[in-house]
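Here's the structure we're looking at; comments come further down.
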Amino acid sequence: PAVDTYISKGYKLLLNLAYGNVRKLNGTTSPVPFPKDTVAYKALIQKVLNKYKPEIAIIENEPTTDDYHSGPIEDYITQLTAAIDVCKQNGVKVADGGSLLRWVQMLWQGTKPQSTNTGYDETKKLLAAYKTINLDYVNIHTIAPYSGADPNVYPPGVLEGVANYLRTTTGKQVICNEYNQDNQSALLMQSAVSAFKAGNYKYVIARSNKGGPSIAEPLNIKTTLTTIGNAYRDAIK
């Protein structure tokens, strides 16, 4: 019902298409294998697109997060390629499920985790694949404030540098369909929005959630904007 409402009101919808529900009723997560039967998977995507035509179809959520997905990252690349085939036939643009900014930042800056880390290695494989497949947007997820960083300023140059690195590496435009802010600092929200603008992100969604599994602070409580909700409204003008 929410999708129908947003589309009928003329909103551009960035629609997450997830193969399985990883969230259990008690709030824990259980990883879902990436689908291997591409014929059956394409039929599922087509069934959605028969009813809805989003601005962008976002395929899965954080494919490198082990709490959400199981199986080799190559299976996700196969899944994403299959989804792209169907979406393009229906005139729908496509983005991946989102790489975590910290892994992209390390690749950009030429640093590595202190120990073996599948998230870092998988992100590197994904970016190499994105360069060669017909993806419209490369997607990141990020959170602020950083641990130990100024709680009122998004680290200078990071969002801009990551976006430039992704465009150079993949040849694709960049979006962020999940920005989490873990405090009510209006200055931090203003700082983040300014950095997204400077980085030329084509779309950005600030996540607003309280009381659920996300640590994001809410932008609104019912029809009343919070401190960061007001800051977000003013910053995006």
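Side chains included, hydrogens not; waters and symmetry mates left out as well; all remaining heavy atoms used.
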query: For residues Gln181 and Tyr179, is any side-chain donor paired with an opposing acceptor at under 3.5 Å?
result: yes

query: Will you find, in the side chains of Asn90 and Gln46, an N or O donor that is under 3.5 Å from an N or O acceptor?
result: yes

field: side chain to side chain contact (heavy atoms under 4.5 Å, CB included) assessment of Ile7 paired with Tyr52
entry: CA-CA 8 Å; Ile7 289 178; Tyr52 303 116; 4.0 Å; yes

message: Tell me whether the rings of Phe34 and Tyr76 are parallel (<30°), tilted (30 to 60°) or perpendicular (>60°).
response: tilted

- prompt: Is there a side chain to side chain contact (heavy atoms under 4.5 Å, CB included) between Leu15 and Ile58 once you walk through the steps?
  reply: CA-CA 6 Å; Leu15 186 62; Ile58 297 172; over 6 Å; no

task: Write down the atom of Asn152, the atom of Ser191, and the distance for their closest heavy-atom approach.
output: O-CB, 4.3 Å

query: For Thr142 and Tyr154, does a side-chain donor sit closer than 3.5 Å to a side-chain acceptor?
result: yes

query: Should His69 and Glu62 count as side-chain neighbours, where that means a heavy-atom distance under 4.5 Å?
result: no

Test item: Ser185 side-chain N/O and Leu188 main-chain N/O as donor-acceptor pair under 3.5 Å: yes

Closest non-hydrogen atom pair, Ala235 against Lys197: O-NZ, 2.6 Å

- line: Interatomic distance, OG1@Thr123 vs CH2@Trp103, rounded to 0.5 Å, equals 7.5 Å

query: Do Tyr201 and Gln173 have a side chain donor and acceptor closer than 3.5 Å?
result: no

message: Measuring only between side-chain heavy atoms, which start at C-beta, is Ile84 closer than 4.5 Å to Ile133?
response: yes

Note, Ile140 side chain near Leu100 side chain (heavy atom, < 4.5 Å): no

statement: All heavy atoms of Leu17 vs all of Ile45, minimum pair found to be CD1-CD1, 3.9 Å

task: Kindly determine whether Tyr120 and Thr64 satisfy side-chain hydrogen bond (donor to acceptor under 3.5 Å, both in side chains), including the steps that lead there.
output: CA-CA 8 Å; Tyr120 173 88; Thr64 63; over 6 Å; no

Euclidean distance, Asp75 CG relative to Thr38 OG1, rounded to 0.5 Å: 11.0 Å

field: Lys/Arg-Asp/Glu bridge criterion (N-O < 4.0 Å) met for Asp85, Lys88
entry: no

- prompt: With no hydrogens and no angle check, do the side chains of Gln79 and Tyr41 hold a donor and an acceptor under 3.5 Å apart?
  reply: yes

- prompt: Would Tyr165 and Gln105 satisfy side-chain hydrogen bond (donor to acceptor under 3.5 Å, both in side chains), going step by step from the backbone distance to the final call?
  reply: CA-CA 9 Å; Tyr165 173 78; Gln105 183 179 356; over 6 Å; no

field: Contact check, side chains of Asn180 and Glu217, non-hydrogen atoms, under 4.5 Å
entry: no

- prompt: Given side chains that start at C-beta, do those of Gln184 and Pro218 come closer than 4.5 Å, heavy atoms only?
  reply: yes

query: Under a 4.5 Å cut-off applied to non-hydrogen side-chain atoms, are Leu127 and Leu107 in contact?
result: yes

message: Using 0.5 Å steps for rounding, measure from the CG atom of Asp67 to the OG atom of Ser30.
response: 9.5 Å

task: Check whether any side-chain heavy atom of Cys87 lies under 4.5 Å from a side-chain heavy atom of Leu49, and answer yes or no.
output: yes

- request: Spell out, as yes or no, whether a donor-acceptor pair under 3.5 Å connects the side chain of Asp37 to the backbone of Ala40.
  value: yes

- prompt: Can you tell me if Asn139 and Asn177 form a side-chain donor-acceptor pair at under 3.5 Å?
  reply: yes

- prompt: Is there a side-chain contact between Glu178 and Asn61, using heavy atoms and a 4.5 Å cut-off?
  reply: yes

